[in-house]
Amino acid sequence: MRIATWNVNSLNARLPRVEEWLEYAAPDVLCMQETKVAEASFPTMALSALGYESASHGDGRWNGVAIVSRVGLDDVARGFEPGVDEQGCRIMAATCGGVRVHSVYVPNGRVVGSEHYLAKLAWLDELRSHLERSASPSERVAVCGDFNIAPDDRDIYDRQALEGSTHITEPERKALAAIEDWGLVDGFRLLHDEDELFTWWDYRAGNFHKHLGMRIDLILLSRSLAETASFALVDRNARKGKQPSDHAPVLIDVA
DNA sequence: ATGGTTGCGAAGCAA
C-alpha cells in the first residue's frame, strides 16, 4: 500500500499537477494540505475519474485538508473534537485499506514567540491529545502532512542562517517528539538517514535550484505499520516544471 | 542565503 502526502498550495491551482501525479506515482492514498477549497466545490469528479474516492475538510479560502483513496475511504472524521479547530480546517482522518489515515496541516507559527507560534504549539499538543482519544498506537495508524517543523538539523540547509526562526526551535521539535512518543515513527527517516532531503522550498529567490529548503512534510507511522515500510521517496520532479506547489510530495510503501 | 514568489481576490496578507 502506497501512502503519500502533499501540500498542494491550492487544489484549484494545482489540479492538473495532482492528476498527473496520481497517474504516474499511483499512490493508494494521498493526503493533501492547503487545498484552499470548500468541501462543496471539491473536485470529486475529476479524482473519481482516476479511480479515487475523496473526502475533504475546508472552508474555501485558507488551509483545508483532504484524503483521496483507491483502497476505501470510511469513517471520515473532520477536525478535532467539537469546538476545536472548527474554523481551522487543518486535520481530518479516514480509514483506508485498514489504516487509520490522518491528513494534518500544522499552523505555520509565523514568528517565534508570537501568538501564532504559541497557537502552533497548542495545536500540536491538541493533536497528541486527539490521537490519544481517537486512535490506538497498537493499530495501523498513519499521520501524514505538513508539520511545519524540521525534525532535526539534517532537515534544514543551514542552522546559522535559520537561527531564531520557526520550524527549528526546541519547543516545536519537542512537541513533535511528544506526538511521536504516542507511538509513531518518522517513516521516511526509517529508510533514509541522509541530510538535506527537503520537501519544501520557498518560491522566492530560486531557493529550489539553490537547494535551500527544509524537510517538513512527514509520514508518521505506528510501529506495526512502520515495520513493513519498504520504500520511501520525496518526488522532487513534482516541484519542477509548470506551476508547481512549493512542496514536493512524499510517499512510502507499506504492506 | 534580508530578497525574493505564489495564491487568493481584487489590496494586501499569508506562506
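In the text below, chain A, chain B and the rest are named by the order of the sequence lines, each starting its count at 1.
- Between A/His247 and A/Ala205, the residue anchored closer to the 5' end of DNA chain B is A/Ala205, taking for each the nucleotide with the nearest heavy atom.
- When the P atom of B/dA15 is taken as reference, atom CG of A/Asp146 falls 11 Å away, rounded to whole Å.
- On the P atoms, B/dG7 is 24 Å away from B/dG3, given to the nearest whole Å.
- Listed by chain and number, the residues in a ring pair (Phe, Tyr, Trp, His ring centres under 6.0 Å) with A/His116 amount to none (sequence neighbours excluded).
- Atom name C1', nucleotides B/dG9 and B/dA14: the rounded distance is 13 Å, in whole Å.
- For A/Asp28 (side chain) and A/Arg2 (main-chain N/O), a donor-acceptor pair under 3.5 Å exists by modelled atom type.
- The one candidate from A/Val250, A/Thr5, A/Leu176 that meets the side chain to side chain contact (heavy atoms under 4.5 Å, CB included) condition with A/Leu218 is A/Leu176.
- Rounded to an integer number of Å, the gap from CZ of A/Arg239 to P of B/dT5 is 12 Å.
- In this entry the distance linking CD of A/Glu115 with P of B/dA14 reads 10 Å, nearest Å.
- At a threshold of 4.5 Å between side-chain heavy atoms, the hydrophobic network of Ile, Leu, Val, Met, Phe, Trp and Tyr places A/Val68 and A/Met92 in two separate groups.
- A/Trp200 and A/Asn7 share no side-chain donor-acceptor pair at under 3.5 Å.
- Rounded to whole angstrom, the span from the CG atom of A/Asp246 across to the C1' atom of B/dG4 amounts to 13 Å.
- A/Glu172 and A/Thr169 share a donor-acceptor pair across their side chains, judged by distance under 3.5 Å alone.
- Between A/Asp158 and A/Glu34, the residue whose closest nucleotide on DNA chain B is further toward the 5' end is A/Asp158.
- Rounded to whole Å, the distance from CG on A/Leu212 to P on B/dA1 is 9 Å.
- Put simply, CD on A/Gln160 is 13 Å from P on B/dT2, counting in whole angstrom units.
- Qualifying ring pair (Phe, Tyr, Trp, His ring centres under 6.0 Å) partners for A/His102, counting only residues two or more places apart in sequence or in other chains: none.
- In this structure, CH2 of A/Trp201 is placed 20 Å from P of B/dA1, rounded to the nearest angstrom.
- On the P atoms, B/dT5 is 15 Å away from B/dA1, given to the nearest whole Å.
- Rounded to the nearest Å, the gap between the P atom of B/dA15 and that of B/dG4 is 22 Å.
- Regarding A/His167, its NE2 atom lies at a distance of 8 Å from the C1' atom of B/dA15, rounded to whole Å.
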Hey, what are the protein-to-nucleotides 6-8 of chain B N/O distances that come in under 3.5 Å?
from  : atom 1 : to      : atom 2 : distance (Å)
B/dG7 : OP1    : A/Arg14 : NH1    : 3.3
B/dG7 : OP1    : A/Arg14 : NH2    : 3.4
B/dG7 : O3'    : A/Ser10 : OG     : 3.3
B/dC8 : OP1    : A/Ser10 : OG     : 2.2

